[in-house]
Trainee: 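Take this structure, written in structure tokens, and hold onto it; I'll ask about it next.
Residues take their numbers from the sequence shown, with the count starting at 1. As the structure is a prediction and not an experimental result, all values here were calculated from the model. Computed over heavy atoms, backbone and side chain alike; hydrogens, waters and symmetry mates excluded.
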Amino acid sequence: MIDVYSWPTPNGHKVHIMLEECGYKLGKDWIAHPVDIGAGDQFKPDFLAISPNNKIPAIQDPQGPDGKPIHLFESGAILLYLAAKTGKFLPKSTRGKYEVLQWLMFQMGGLGPLLGQNHHFRIYAPEKIDYAITRYTNEAKRLYGVIDHQLKDNPYIAGKSYSIADIAIFPWTRNWKNQGIDINEYPNFKRWFEMVSERPAVKRGVEVLTALRKPLHDDKAREQLFGSSQYQKRK
């Protein structure tokens, strides 16, 4: 089995979806080990040994490229690894490969971090800061516009075929309502989003570990997220 150390966040779901899309079955070919980031599990020594940046997800594959175990962190690197291992969702042609990779980098370097900040200031921050909310909401709208334009003449993010670019971007856009987005203003994105949502592997992937996630809309949960001393300062 491939061991997956994860939590039901967009970055975690990227890997869950990829494994299911590649034909790996939860409980048979891979196992999900919960890393409760609200409780600080990401800072435990055992997890840091495979994910030194204390971020989920991370994986351990007993059958690495040379037949020896390998462990990996960073969700984008894990998607690339699984694509290479299975020969799926990344074109073999040089042109096709880089057309996908640029959109993977778009998600890793821009869309994910920005939407993460957007979600934080709109939903989780103890103090509502209008400047931050406006700044990140406006940038989220711009990025959704970039995606919508790309999908104008393409069924999928990187062209005609479903790829790791779609798998990377989709989980980050599932909470478009909480990001201040009106999906009807982005008809091409809406069409793509609804199509990807119906994929069986996607449906399975986004359910992994979801039952373990606790709401963060009360003081106790916020203290677990920020740490009690940090939270009291924020109050």
Trainee: Run the numbers on E198 and K203 for salt bridge (Lys or Arg N to Asp or Glu O under 4.0 Å), then give the verdict.
Mentor: CA-CA 7 Å; E198 291 302 312; K203 290 182 177 181; 3.1 Å; yes
Trainee: So, the side chain of K128 versus the backbone of R122: is there a donor-acceptor pair under 3.5 Å, distance only?
Mentor: yes
Trainee: Can you see which heavy atom on I56 is nearest to which on G12, and at what distance?
Mentor: CD1-N, 3.9 Å
Trainee: Is it the case that more than 12 heavy atoms not belonging to R135 sit under 6.0 Å from its CZ atom?
Mentor: no
Trainee: Under 4.5 Å between side-chain heavy atoms, counting indirect links through other Ile/Leu/Val/Met/Phe/Trp/Tyr residues: same cluster for V206 and L115 or not?
Mentor: yes
Trainee: So which heavy atom on A168 is nearest to which on L104, and how close?
Mentor: CB-CD1, 3.7 Å
Trainee: Shared ILVMFWY cluster between M195 and I183, side chains joined below 4.5 angstrom?
Mentor: yes
Trainee: Within this structure, what is the CH2-NE2 distance for the pair W172 and H119, rounded to the nearest 0.5 Å?
Mentor: 9.5 Å
Trainee: Output the distance between atom OG (S161) and atom CG (L90), rounded to the nearest 0.5 Å.
Mentor: 11.0 Å
Trainee: For K14 and N11, test the side chains for any donor-to-acceptor distance below 3.5 angstrom and give the result as yes or no.
Mentor: yes
Trainee: Look up atom CG in D148 and atom CD in E185, then write down how far apart they are to the nearest 0.5 Å.
Mentor: 10.0 Å
Trainee: Supply the atom-to-atom distance L79 CG to Q107 CD, rounded to the nearest 0.5 angstrom.
Mentor: 8.5 Å
Trainee: Got a donor-acceptor contact below 3.5 angstrom from the D41 side chain to the V35 backbone?
Mentor: no
Trainee: Does the side chain of I31 reach to within under 4.5 Å of the side chain of L26, using non-hydrogen atoms?
Mentor: no
Trainee: Do you know which two heavy atoms are closest between A140 and L114, and how far apart they sit?
Mentor: N-CD1, 3.5 Å
Trainee: How long is the straight-line distance from CD1 of I164 back to CD1 of I78, given to the nearest 0.5 Å?
Mentor: 12.0 Å
Trainee: Under a 4.5 Å cut-off applied to non-hydrogen side-chain atoms, are L212 and P8 in contact?
Mentor: no
Trainee: Under the criterion side chain to side chain contact (heavy atoms under 4.5 Å, CB included), I'd like the reasoning laid out for L82 against E21: C-alpha separation, chi angles, the key distance, then a yes or no.
Mentor: CA-CA 10 Å; L82 293 172; E21 289 281 19; over 6 Å; no
Trainee: Would you check, one step at a time, whether the test side chain to side chain contact (heavy atoms under 4.5 Å, CB included) holds for Q102 with M105?
Mentor: CA-CA 5 Å; Q102 66 183 343; M105 297 304 109; 5.7 Å; no
Trainee: Hey, are the side chains of R199 and Y162 touching, using non-hydrogen atoms and a 4.5 Å cut-off?
Mentor: yes
Trainee: I133, I129: one ILVMFWY side-chain cluster at the under-4.5 Å cut-off?
Mentor: yes
Trainee: Just checking, is any N or O donor in the side chain of W192 or D166 under 3.5 Å from an acceptor N or O on the other one?
Mentor: yes
Trainee: Among W176, Y144, Y156, find the residue that satisfies the ring pair (Phe, Tyr, Trp, His ring centres under 6.0 Å) test when tested with F189.
Mentor: Y144
Trainee: How about Q63: does its CD atom have over 12 heavy atoms from other parts shown lying under 6.0 Å from it?
Mentor: no
Trainee: Spell out, yes or no, whether I50 and M1 are grouped together once hydrophobic residues are joined by side-chain heavy atoms under 4.5 Å, including indirect joins.
Mentor: no
Trainee: Please tell me if the side chains of E99 and R95 come closer than 4.5 Å, counting only heavy atoms from C-beta onward.
Mentor: yes
Trainee: Can you tell me how far the CZ atom of F106 sits from the CG atom of L111, to the nearest 0.5 Å?
Mentor: 5.0 Å
Trainee: Locate the shortest heavy-atom distance separating F73 from S51; write the atom from each residue and the value.
Mentor: CB-OG, 3.6 Å
Trainee: Given side chains that start at C-beta, do those of V15 and S6 come closer than 4.5 Å, heavy atoms only?
Mentor: no
Trainee: Of all heavy-atom pairs between G64 and Y81, which one has the smallest distance, and what is that distance?
Mentor: CA-OH, 3.6 Å
Trainee: Locate the shortest heavy-atom distance separating Y186 from G145; write the atom from each residue and the value.
Mentor: CE2-N, 3.6 Å
Trainee: Do Y136 and Q179 touch side chain to side chain, with heavy atoms closer than 4.5 Å?
Mentor: no
Trainee: Taking the side chain from N175 and the backbone from N178, do they hold a donor-acceptor pair closer than 3.5 Å?
Mentor: no
Trainee: Check whether any side-chain N or O of N53 sits under 3.5 Å from a backbone N or O of K55 as a donor-acceptor pair, and report yes or no.
Mentor: no
Trainee: Say whether I169 and Y98 are linked into one hydrophobic cluster, either directly or through other cluster members, by side-chain heavy-atom distances under 4.5 angstrom.
Mentor: yes
Trainee: Do Y5 and Q60 have a side chain donor and acceptor closer than 3.5 Å?
Mentor: yes
Trainee: Quick one: are L48 and N54 in side-chain contact, heavy atoms under 4.5 Å?
Mentor: yes
Trainee: Would you say K85 has more than 12 foreign heavy atoms packed within less than 6.0 Å of its NZ?
Mentor: yes
Trainee: Is there a side chain to side chain contact (heavy atoms under 4.5 Å, CB included) between N118 and T137 once you walk through the steps?
Mentor: CA-CA 6 Å; N118 173 288; T137 300; 3.6 Å; yes
Trainee: Run W30 and V208 through side chain to side chain contact (heavy atoms under 4.5 Å, CB included) and show every step you take.
Mentor: CA-CA 12 Å; W30 68 284; V208 175; 3.9 Å; yes
Trainee: Answer yes or no: is there a side-chain heavy-atom contact under 4.5 Å between P155 and R191?
Mentor: yes
